[in-house]
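First the proteins, then the strands, lettered A, B, ... as listed; each starts at 1.
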There are 2 protein chains.
Amino acid sequence: MAKVEFNIACTLCEHLKDSLFTGLNPEDLSRINNHKTCIQYKKGQNIFYEGTRPTGLYCMNGGKVKVYKNNVQGKEFIIYIAKPGDFLGYRALLSEEFYQATATVLEDAKICFIPKESFFEVLQKNPVFMKRVVQAVCHEMGIMEEKLAELAHKSVRERLAANLLMLKETYGMEGEGSFLIDLALSREDLASIVGTATETVIRLLSEFKSEGLISFEGKKIRVLEPKKLAKQADLIVA
Amino acid sequence: MAKVEFNIACTLCEHLKDSLFTGLNPEDLSRINNHKTCIQYKKGQNIFYEGTRPTGLYCMNGGKVKVYKNNVQGKEFIIYIAKPGDFLGYRALLSEEFYQATATVLEDAKICFIPKESFFEVLQKNPVFMKRVVQAVCHEMGIMEEKLAELAHKSVRERLAANLLMLKETYGMEGEGSFLIDLALSREDLASIVGTATETVIRLLSEFKSEGLISFEGKKIRVLEPKKLAKQADLIVA
DNA sequence: ATATTATTCTGACAAAAGTCATCTTTTTCG
DNA sequence: CGAAAAAGATGACTTTTGTCAGAATAATAT
């Protein structure tokens with residue numbers, strides 16, 4: 001598959017305000033802008049692979065990407081779903097290690113690649129930016145700690161409910177008092193987010209549906225009762 | 001319980017070489033040193049609590065501390081066990097959030113407290129130090145990602161084996177071709193590390209013991225067959 | 001449009017792990 | 001030291017969840 005390039009100035013990027021580059025001074029932003037390469041990816045294409053060495057940073061301009069690990073039995077665990085404005089692959093870049101995860105396009109994406117050197121240059125010249133990056137990384141880490149504890153002690157039902165609510169927070173589009181999760185996720189992907197088997201997700205989703213908590217809209221899920229779903233996520237109904 | 005202070009110059013700290021402060025220039029190190037407060041804690045005492053605001057950084061000079069989250073049902077999940085040389089509570093400090101976990105002393109500890117201001121001053125003045133901190137945080141994050149995937153798809157038996165090996169790497173003392181895990185962990189704590197019930201840990205440990213993989217030495221565990229344990233953990237044996 | 005493939009769904013069953021109860025052994029502390 | 005509390009151990013039982021097999025539906029490609 002040939003790589004399709006596109007170009008958009010960072011200053012004109014509609015997702016600049018959502019990204020860590022926001023507030024960067026014009027000089028630094030133009031340094032990033034002048035060295036970046038922007039590529040359009042189709043669903044199913046890979047951005048980077050576990051075990052390879054990062055050579056730069058990816059910045060999402062459009063689409064959705066899943067970042068996941070594969071275990072020995074080939075089972076996927078999705079660590080993160082990136083949306084426009086998000087950085088991709090910064091963890092391994094900053095720790096100077098190999099990628100520990102693979103990134104694959106879920107919905108056709110536009111992604112800009114910023115070479116390591118340019119990114120590090122701005123990072124080192126600009127303490128305010130550096131601080132913002134550190135803050136973001138540490139925030140992410142807090143989310144991971146939360147997920148760890150959740151995975152350790154919550155049932156699959158609770159985790160599914162919690163994850164649907166998280167997806168609603170990030171990808172939810174409000175309408176008629178409910179929220180459509182604007183993400184074309186397969187049941188398999190959802191299982192890889194929750195950390196369970198596909199069949200279990202299917203069964204629980206239809207339970208939630210028959211309980212009136214969610215509904216299906218094509219491949220997407222609509223959250224009808226966030227509060228009731230939250231109750232499912234927090235409590236063990238004994 | 002009265003707080004017992006102690007004092008030791010950072011330059012003379014035997015764990016300096018293991019800590020992120022290693023290689024710091026004398027000026028910066030003395031800034032840290034001049035503002036720190038060092039306290040001795042007894043087993044069971046708390047260093048900080050989930051939900052409170054960090055006011056500085058803790059640097060371990062002796063002992064062992066568990067960092068954990070409590071869930072709704074009161075079940076603990078241990079995120080990290082800190083040893084001399086480790087920083088404690090830097091995540092929340094750097095992300096400027098509340099603590100998301102509680103820190104409790106496992107083995108009598110000596111811990112130095114560095115006020116937020118002093119730490120941030122050195123961090124901002126010293127880009128090399130900043131880079132080292134970022135690198136460490138991102139490395140930690142990689143470990144968490146690993147743990148997440150493990151928790152999601154491995155059995156309790158595999159996770160227990162993997163965690164025993166990890167503890168062996170960090171706290172193992174070699175002798176007679178085997179490794180004593182130098183950590184007085186209760187079965188309950190071990191269960192909180194693995195993310196399972198205490199009874200399950202007890203049963204699996206005695207299985208491992210009868211299979212000749214480990215032995216008990218007082219409250220401590222000796223790893224007799226790391227390679228066989230690695231096979232149990234479904235890890236690639238190097 | 002139709003064949004092919006992938007995804008979703010359902011049922012039956014087995015295995016893993018949690019819970020509860022009880023007992024024994026250690027540890028702690030007055 | 002000895003009583004009380006905590007930790008460790010074991011058995012019986014239940015619940016949850018994973019696995020396998022097969023059918024129905026949807027998506028994709030030729």
Given axes from five pairs at either end, by how many degrees does the helix from C/dA1-D/dT30 to C/dG30-D/dC1 bend, rounded to 10°? 60°
With sequence neighbours left out, write down each residue that passes salt bridge (Lys or Arg N to Asp or Glu O under 4.0 Å) with A/D108, or none if nothing qualifies. A/K42
Residues 45-57 of chain A vs salt bridge (charged side-chain N to carboxylate O under 4.0 Å, His left out), sequence neighbours excluded, gives none
If I take atom CD1 from residue A/I78 and atom CG from residue A/D189, how far apart are they, to the nearest 0.5 angstrom? 4.5 Å
Quick one: which residue pairs count as a ring pair (Phe, Tyr, Trp, His ring centres under 6.0 Å) with a foot in residues 44-78 of chain A, not counting sequence neighbours? A/F48-A/Y58, A/F48-A/Y99, A/Y58-A/F113
Calculate the interatomic distance between B/L204 atom CG and D/dT10 atom C1'; express it in whole Å. 14 Å
Grab the CZ-P distance between A/R157 and D/dT17 for me, whole Å please. 10 Å
Specify the separation, in whole Å, of atom NZ of A/K209 and atom P of C/dT8. 14 Å
Would you mind telling me which residue lines up with the more 5' stretch of DNA chain C, A/R203 or A/A152, judged by nearest nucleotide? A/R203
Expressed in angstrom and rounded to an integer, what is the separation of B/E207 atom CD from D/dA9 atom P? 13 Å
Do any pairs count as a salt bridge (charged side-chain N to carboxylate O under 4.0 Å, His left out) and have a residue in residues 81-90 of chain A, sequence neighbours left out, and if so which ones? A/K83-A/D86
Sorted by chain and residue number, the side-chain contact (heavy atoms from CB on, under 4.5 Å) partners of A/K36 (sequence neighbours excluded) come out as A/N7, A/C10, A/N33, A/C38, A/C112, A/I114
According to the side chain to side chain donor-acceptor pair (under 3.5 Å) rule, which pairs have a member within residues 160-176 of chain B, sequence neighbours left out? none
Enumerate the residues from residues 178-199 of chain B whose closest heavy atom to DNA chain C is under 4.0 Å, giving them by residue number; use none for an empty result. B/T196, B/A197, B/E199
Do B/K66 and B/E76 sit within salt-bridge range, that is, some charged N less than 4.0 Å from a carboxylate O? yes
Salt bridge (Lys or Arg N to Asp or Glu O under 4.0 Å) filter on B/K228, not counting sequence neighbours, yields none
Could you give the NZ-to-P distance, from B/K75 to C/dA17, as a whole number of Å? 14 Å
Which one, C/dT8, D/dT17, C/dA17, comes nearest to the side chain of B/S155? C/dA17
Expressed in angstrom and rounded to an integer, what is the separation of B/I202 atom CD1 from C/dC20 atom P? 16 Å
Under the rule for salt bridge (Lys or Arg N to Asp or Glu O under 4.0 Å), what residues qualify as partners of B/E146, not counting sequence neighbours? A/K69
Measure the distance from NZ on A/K154 to P on D/dT17 and round it to the nearest whole Å. 13 Å
Atom pairs, protein N/O to nucleotides 25-30 of chain C N/O, distance under 3.5 Å:
none

Pairs involving residues 193-210 of chain A, ordered by first then second residue, that meet side chain to side chain donor-acceptor pair (under 3.5 Å) (sequence neighbours left out): A/R157-A/E207
From the list D/dA9, C/dA17, D/dG18, which nucleotide is the closest neighbour of the side chain of B/F216? D/dA9
Using whole Å, report how far CD of B/E158 lies from C1' of C/dA16. 12 Å
